Asks: 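Got a structure for you, questions after.
Being a predicted model, the structure only gives us computed values, none of them experimental.
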Amino acid sequence: MRDSAKTLDAMTLRERSDMMTLVANALEATAEEAQEIGDDRFAANSISLARTISGCASEVVTRDLPAAELLLQHGIALIAQFQGRAPRSTVH
């Protein structure tokens, strides 16, 4: 059974923290995939955003929900952008 979707404001601190961790981990995985196909710039952007989210997760989930929301939106959009692309061949 699935829980209904919640806004960050409706989530507990633990749920917010878990959401930030989930998105950061997904960004790190996306960075690894991008690196494997030779897209170093996308990998660097993904890992930078993942580290930003991880580094300030505890502070933004308790004090600055708009900042947390913005970081999550950017992270999810970056992941979706990567997943929506057609695979590119690597030139050696």
Side-chain angles (χ1 to χ4, degrees):
M1 179 184 219
R2 291 184 171 223
D3 294 332
S4 61
K6 293 181 182 179
T7 64
L8 285 180
D9 193 42
M11 291 180 182
T12 65
L13 290 177
R14 177 65 178 197
E15 289 171 326
R16 291 178 198 159
S17 179
D18 288 348
M19 178 65 73
M20 299 288 277
T21 300
L22 178 72
V23 172
N25 289 342
L27 282 164
E28 289 175 359
T30 299
E32 288 177 18
E33 289 180 40
Q35 190 76 42
E36 287 173 7
I37 63 170
D39 194 339
D40 295 334
R41 193 163 109 201
F42 202 94
N45 288 336
S46 295
I47 202 69
S48 293
L49 186 52
R51 289 180 179 160
T52 299
I53 290 171
S54 295
C56 63
S58 62
E59 186 173 320
V60 296
V61 298
T62 59
R63 296 186 190 145
D64 197 353
L65 289 184
E69 184 176 349
L70 185 61
L71 286 170
L72 290 171
Q73 286 173 349
H74 282 291
I76 292 167
L78 194 60
I79 293 164
Q81 181 183 7
F82 183 76
Q83 292 175 343
R85 295 190 307 179
R88 297 187 323 189
S89 60
T90 304
V91 178
H92 293 280

Asks: So which pairs with a foot in residues 9-37 pass ring pair (Phe, Tyr, Trp, His ring centres under 6.0 Å), sequence neighbours left out?
Replies: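 The answer is none; no pair qualifies.
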Asks: Going by the rule side-chain contact (heavy atoms from CB on, under 4.5 Å), which residues pair with Asp18 if we only count those two or more places apart in sequence or in a different chain?
Replies: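 By the side-chain contact (heavy atoms from CB on, under 4.5 Å) rule, Asp18 matches Arg14.
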Asks: What closest approach, in Å, do Ile79 and Val23 show between heavy atoms, and which atom pair accounts for it?
Replies: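 Closest approach of Ile79 to Val23, heavy atoms only: CD1-O, 4.1 Å.
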Asks: Any side chain to side chain donor-acceptor pair (under 3.5 Å) pairs touching residues 64-77, not counting sequence neighbours?
Replies: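 The answer is Glu69-Gln73.
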Asks: Donor-acceptor pairs are to be reported for all side-chain atoms of residues 40-49 against protein atoms at under 3.5 Å, with residues two or more places apart or in another chain.
Replies:
unit_1, atom_1, unit_2, atom_2, d
Asp40, OD1, Gln35, NE2, 2.9
Asn45, ND2, Arg41, O, 3.4
Ser46, OG, Phe42, O, 3.0
Ser48, OG, Ala44, O, 2.9

Asks: Please answer: with hydrophobic residues joined when any side-chain heavy atoms are less than 4.5 Å apart, are Ile76 and Leu27 in the same cluster?
Replies: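 Ile76 clusters together with Leu27.
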Asks: Applying side-chain hydrogen bond (donor to acceptor under 3.5 Å, both in side chains), name anything that partners Gln81, two or more places apart in sequence or on another chain.
Replies: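 With sequence neighbours excluded, Gln81 shows a side-chain hydrogen bond (donor to acceptor under 3.5 Å, both in side chains) to no residue whatsoever.
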Asks: How long is the straight-line distance from CZ of Arg16 back to OG1 of Thr7, given to the nearest 0.5 Å?
Replies: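 If I round to the nearest 0.5 Å, the distance is 8.5 Å.
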Asks: Counting only heavy atoms not in Met19 (residues, nucleotides, ligands), do more than 12 fall under 6.0 Å from its CE?
Replies: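 12 or below, so no.
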Asks: Taking the side chain as everything from C-beta on, heavy atoms only, tell me whether Thr30 gets closer than 4.5 Å to Leu78.
Replies: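 Answer no - side chains too far apart.
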Asks: Any idea which heavy atoms bring Ala50 and Glu28 closest together, and the distance?
Replies: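 What the structure gives for the nearest pair is CB-CG, 3.7 Å.
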